[in-house]
S.K.: 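Here's a structure for you.
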Number of protein chains: 2
Amino acid sequence: MNKKYEQLKKYIDKRVALGAAMALFEWDDATLAPEESVENNAKIKGILAGESHKALINEEVKALLDELKDADDLNETEKKIVNIMLKEYEQLDAVTAEEYKDYNELVANSINAWEKAKESNDFSVFAPYLEKVIAFNKKMATNRNKNNDSLYNILLGDYEEGFTTEVLDKFFEELKNGIVPLAKQIKAKEDSINFDFLRKDYDIEKQKEFNYFLAEYIGFDFKKGVIAESAHPFTTNWHNKDVRITTHYYKNQPESAMFSTIHEGGHALYEMNIADKYTLTPLGTGTSMGVHESQSRFMENVIGRRESFWKPIYGKLQEMFSDNLSDVNLEDFMKAANRVEHGYIRTEADELTYSLHVIIRYEIEKLFMENDIDVNELPEIWNKKYEEYLGLKPRNVSEGILQDIHWSQGGIGYFPSYALGSAFAAQFFHKMQEEFDVDKALMEGKVDKITTWLKENIHQYGSAKNAKELLMDVTGEELNTKYYVEYLREKYSKLYDL
Amino acid sequence: MNKKYEQLKKYIDKRVALGAAMALFEWDDATLAPEESVENNAKIKGILAGESHKALINEEVKALLDELKDADDLNETEKKIVNIMLKEYEQLDAVTAEEYKDYNELVANSINAWEKAKESNDFSVFAPYLEKVIAFNKKMATNRNKNNDSLYNILLGDYEEGFTTEVLDKFFEELKNGIVPLAKQIKAKEDSINFDFLRKDYDIEKQKEFNYFLAEYIGFDFKKGVIAESAHPFTTNWHNKDVRITTHYYKNQPESAMFSTIHEGGHALYEMNIADKYTLTPLGTGTSMGVHESQSRFMENVIGRRESFWKPIYGKLQEMFSDNLSDVNLEDFMKAANRVEHGYIRTEADELTYSLHVIIRYEIEKLFMENDIDVNELPEIWNKKYEEYLGLKPRNVSEGILQDIHWSQGGIGYFPSYALGSAFAAQFFHKMQEEFDVDKALMEGKVDKITTWLKENIHQYGSAKNAKELLMDVTGEELNTKYYVEYLREKYSKLYDL
């Protein structure tokens with residue numbers, strides 16, 4: 001091994017271990033930690049983040065990376081690791097370890113404030129935190145902005161390299177053109193699908209049992225993973241053998257937990273399938289948020305809302321909840337699971353209107369990153385956009401601007417990943433269908449045929465290929481929005497008899 | 001603030017945060033982490049430990065401590081923190097960061113090996129780990145041994161300062177003289193107490209409910225604490241607002257979970273009651289393992305096995321398990337809860353024979369720390385001592401040498417703390433009874449009268465006073481074994497009508 005690389009390895013290990021500790025604290029805070037632990041745990045997380053900063057941003061690592069970036073005796077993996085670290089260096093070097101520590105402490109408290117604000121339906125509890133989070137992100141982006149770019153572009157690049165506002169504006173325009181007319185046609189027919197049976201009582205313990213079954217059915221390996229509950233479902237992991245998802249159960253909305261389990265399960269499969277040689281290195285996680293969402297949204301929607309997927313297992317669901325479902329045939333269940341509803345909540349949205357929720361957030365982020373906006377104006381801006389795009393005015397801030405956790409976590413620039421992910425997924429799916437009959441595999445209960453394809457083509461590489469490389473290597477072309485628009489048009493025209 | 005101290009503060013914070021992360025990983029591994037995560041998580045823990053070592057053992061901290069140890073502008077708390085850090089420096093300086101990292105990784109894997117060995121009743125699975133753990137501890141003790149002391153004394157001092165083998169030999173001798181004759185008298189009468197009703201089926205969910213009630217009844221604050229399940233009950237925390245205990249439920253042995261909840265609850269109250277000014281500093285945990293066990297064993301045995309404690313709540317237990325307990329009056333329940341049984345398992349032992357289990361471990365630790373013993377001889381040595389002290393030959397290694405987790409964790413020198421803790425507890429109790437009528441308070445359901453006394457006299461100080469100081473400040477004398485022996489004699493003579 002290159003001696004310089006060996007020296008670098010110590011810093012890599014330190015970053016990996018500190019990152020794992022921070023992720024575990026986040027998991028624990030969301031799933032288990034006692035109420036009054038927040039402030040002290042936030043301090044601890046802040047200190048760990050500061051140390052993680054120092055493990056990268058220092059003279060020795062700088063010199064090592066500088067020498068290693070042109071070294072010719074590194075193997076492919078080592079080269080890619082050096083490249084990723086150079087990018088991380090550029091990101092983190094924009095703030096001091098002290099600032100980074102304070103920011104991470106702030107974020108930990110901010111998540112708590114957001115939760116309280118949402119519970120009490122009071123934006124003012126969260127506003128001061130949001131203001132600080134935005135200010136920090138602007139400051140960081142400003143310091144990194146060497147080419148006089150827009151500040152929002154700097155952040156967007158962290159979630160999906162190369163997908164600037166220029167690219168995204170065009171992408172969302174194409175989506176809007178494809179989706180809005182379709183959604184309008186359907187709006188008139190929204191009441192045509194019955195879903196009363198999904199609003200009956202579904203025993204939570206039995207829901208849990210079914211969701212564990214579902215997770216296992218799609219290939220979630222309980223020897224390498226854990227399922228817990230949290231207010232807002234998420235996935236986290238620190239290596240490929242410790243991958244965790246959460247879900248949230250509602251008594252009168254069983255589909256919420258089911259599709260969130262499949263969604264988070266999709267994230268989890270990605271992380272579990274990353275090659276051992278990459279795990280515990282900077283290449284050992286999914287390559288970008290867009291690709292991650294492509295995997296979760298693929299499993300949730302393209303696979304999980306497909307009749308062929310349910311064919312082998314709907315009987316089990318029916319049997320477990322026979323009081324509610326014995327009269328409901330598979331076709332009606334699938335209609336209900338796919339029905340379109342112009343609603344307030346992104347995470348509960350159908351596949352068709354989902355992107356409209358994302359566009360709203362994209363436009364608002366762009367607005368506050370590129371302009372001086374008083375955070376107190378944001379609830380009203382939010383509401384107006386919901387009226388414009390979805391024809392609905394949120395009745396309160398909890399179902400309006402406070403619905404998502406992301407901004408409280410400092411995740412500005414993340415939202416477009418959901419729409420991009422859906423588009424990537426449709427493009428991957430198109431390719432997969434060329435290679436084998438997906439519905440046939442699903443009807444035979446062979447979900448592993450699909451997940452093996454994903455593992456071989458996408459998952460195993462971790463961050464060793466980025467989104468653009470994956471799209472090109474797997475599908476032979478760059479992102480092409482038409483696959484997604486066509487997928488939606490075909491699916492929903494059929495569902496609503498257009 | 002003294003400038004040097006301010007510089008030191010950064011290292012303190014780092015040590016505290018890394019310690020918290022390691023503790024959280026340990027908690028998580030014992031309660032939740034998936035099966036195959038062990039090795040990678042062990043690596044992570046090793047790296048964190050190595051960083052924690054580096055945060056203390058370095059030229060800058062050395063120089064700072066050197067200057068600060070004689071500084072006259074530190075307040076009392078700062079002085080004590082400097083003193084504790086000097087001690088920690090002396091301990092950790094005996095090994096390099098790299099060795100410490102490897103050792104911590106070893107220990108994480110060793111715990112896992114011990115679990116597997118115990119499950120499969122196969123000592124050979126654990127033996128190679130035990131060998132390495134002992135070797136490391138000997139090496140570390142040897143490097144620290146500046147006064148040509150016994151190696152075991154070096155380790156003992158880490159758990160209870162000043163309690164060397166010289167002190168402990170005498171202490172255990174006094175205990176043996178007090179306990180063995182009493183235990184012999186009782187052995188003949190062991191069958192006189194009926195406990196069949198505790199071997200019936202106790203629904204686990206209902207047990208949980210009762211244990212949560214019990215925890216709350218003794219003052220466990222769920223806003224600052226969590227209860228979970230693990231194979232082996234333990235307590236951990238990273239500050240006074242995040243304190244966690246585990247318990248383990250057995251269907252046909254409900255008293256096991258109940259008394260373990262009260263025991264771990266006693267540890268937890270100690271940690272929850274430490275003053276805010278000490279938390280997240282090196283003074284922010286219980287001062288020693290002996291004092292910690294004095295609090296847990298006080299709550300479990302002195303309080304928790306007392307009739308006056310159960311008087312207000314036995315009705316609730318009876319009601320919840322009416323099938324099993326409706327015919328059992330409080331007096332019979334208390335007899336069963338306190339009955340003496342010469343058994344194989346320390347954690348299930350009664351108060352009287354408990355110390356015999358401890359003496360066995362003390363003698364074995366002394367043996368392998370002061371001599372060259374092949375670990376493969378230990379099971380036989382163990383069994384012989386059980387025959388000698390308890391008249392029982394363990395039927396297999398799982399109920400013999402593999403029963404305790406401690407050695408797998410590197411906890412050599414810990415066991416005497418249990419016996420010391422019991423003796424401290426009896427001495428504190430004697431004082432408490434001089435100050436108020438404990439039984440009256442308990443009968444009125446005022447457990448907080450007792451815990452407040454503990455908080456004021458012991459808990460609040462964290463590590464700001466050591467065991468000897470606490471004993472002197474609270475009881476006005478040094479450790480006096482007679483209180484413990486008298487307590488046992490009085491209790492058991494009465495129980496068995498001697």
Side-chain angles (χ1 to χ4, degrees), chain A residues 10-29 31-41 43-52 54-55 97-98 101 105 205 220-228 237-244 272 276 279-280 284, chain B residues 10-29 31-41 43-52 54-55 97-98 101 105 205 220-228 237-244 272 276 279-280 284:
Chain A
K10 292 199 173 165
Y11 292 97
I12 295 174
D13 285 349
K14 193 168 162 182
R15 294 262 300 161
V16 164
L18 288 165
M22 288 187 277
L24 177 55
F25 261 108
E26 273 161 34
W27 161 269
D28 187 82
D29 280 346
T31 56
L32 188 68
E35 196 178 322
E36 293 185 12
S37 70
V38 178
E39 269 179 58
N40 283 340
N41 286 352
K43 275 185 206 166
I44 291 168
K45 284 190 274 185
I47 297 167
L48 294 173
E51 291 307 317
S52 170
K54 284 188 233 167
E98 194 63 22
K101 176 190 139 224
E105 185 175 340
E205 284 308 312
F220 184 90
D221 182 349
F222 283 91
K223 286 189 177 171
K224 299 175 183 167
V226 166
I227 301 186
N237 72 305
W238 24 103
H239 50 74
N240 62 1
K241 295 192 179 69
D242 199 333
V243 181
R244 303 176 179 204
M272 284 175 175
D276 280 339
T279 207
L280 295 180
Chain B
K10 292 199 175 166
Y11 292 98
I12 295 174
D13 286 349
K14 192 168 162 181
R15 294 262 299 161
V16 164
L18 288 165
M22 287 186 278
L24 177 54
F25 262 108
E26 272 161 37
W27 161 269
D28 187 82
D29 280 345
T31 57
L32 187 68
E35 196 178 321
E36 293 185 11
S37 70
V38 178
E39 269 179 58
N40 284 339
N41 285 352
K43 275 186 204 162
I44 292 168
K45 283 190 274 185
I47 297 166
L48 294 172
E51 292 307 316
S52 171
K54 285 187 231 166
E98 193 64 21
K101 175 189 140 227
E105 184 175 341
E205 284 309 311
F220 184 90
D221 181 349
F222 283 91
K223 287 188 177 172
K224 300 175 183 167
V226 166
I227 302 185
N237 72 305
W238 23 104
H239 50 75
N240 62 1
K241 294 191 178 69
D242 199 333
V243 181
R244 303 177 179 202
M272 283 176 176
D276 280 340
T279 207
L280 295 180

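The basis for the numbers below is simple: all heavy atoms, side chains too, and nothing from hydrogens, waters or symmetry mates. To find a chain, count down the sequence lines: A is the first, B the second, and so on, and within it residues start at 1.
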S.K.: For B/Leu280, is it the side chain, the backbone, both, or neither that has a heavy atom closer than 4.5 Å to a heavy atom of chain A?
M.R.: side chain

S.K.: I'd like to verify something: which residue of B/Val226, B/Asn40, B/Asp13, B/Leu18 has the highest number of heavy-atom pairs under 4.5 Å with chain A?
M.R.: B/Asn40

S.K.: Between A/Ser37 and B/Lys241, what is the shortest heavy-atom contact and its length?
M.R.: CB-O, 3.4 Å

S.K.: Between B/Gly50, B/Ala228, B/Ala55, B/Ala33, who has the most heavy-atom pairs with chain A when the cutoff is under 4.5 Å?
M.R.: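 Ranked by contacts with chain A, first place is B/Ala33.
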
S.K.: Atom CG in B/Leu32, atom CG in A/Leu32: separation rounded to 0.5 Å?
M.R.: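 One gets 8.0 Å once the value is rounded to the nearest 0.5 Å.
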
S.K.: Heavy-atom pairs under 4.5 Å with chain B are the metric here; pick the option from A/Thr279, A/Leu24, A/Val38 that has the most.
M.R.: A/Leu24

S.K.: Apply salt bridge (charged side-chain N to carboxylate O under 4.0 Å, His left out) to B/Lys14 and list each qualifying residue two or more places apart in sequence or on a separate chain.
M.R.: A/Glu51

S.K.: In Å and rounded to the nearest 0.5 Å, what is the NZ to CD distance from A/Lys10 to B/Glu98?
M.R.: 5.5 Å

S.K.: Can you give me the closest heavy-atom contact between A/Pro34 and B/Gly225, atom names plus distance?
M.R.: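 Nearest heavy atoms, A/Pro34 then B/Gly225: CB-N, 3.4 Å.
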
S.K.: Can you confirm whether B/Lys43 sits close enough to A/Val16 that some side-chain heavy atom of one is under 4.5 Å from a side-chain heavy atom of the other?
M.R.: no

S.K.: To the nearest 0.5 Å, tell me how far B/Asp221 CG sits from A/Glu36 CD.
M.R.: 6.0 Å

S.K.: Considering only heavy atoms, which portion of B/Phe222 lies under 4.5 Å from any heavy atom of chain A: side chain, backbone, both, or neither?
M.R.: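 When you check distances to chain A, only backbone atoms of B/Phe222 fall under 4.5 Å.
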
S.K.: With a 4.0 Å cut-off on N to O distance, would you call A/Asp28 and B/Arg244 a salt bridge?
M.R.: yes

S.K.: Highest number of heavy-atom pairs under 4.5 Å with chain A: which of B/Asn240, B/Leu48, B/Val243?
M.R.: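 Answer, by heavy-atom pair count under 4.5 Å with chain A: B/Leu48.
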
S.K.: By side chain to side chain donor-acceptor pair (under 3.5 Å), which residues pair with A/Asp29, not counting sequence neighbours?
M.R.: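 Residues passing side chain to side chain donor-acceptor pair (under 3.5 Å) with A/Asp29: A/Asn41, A/Lys45.
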
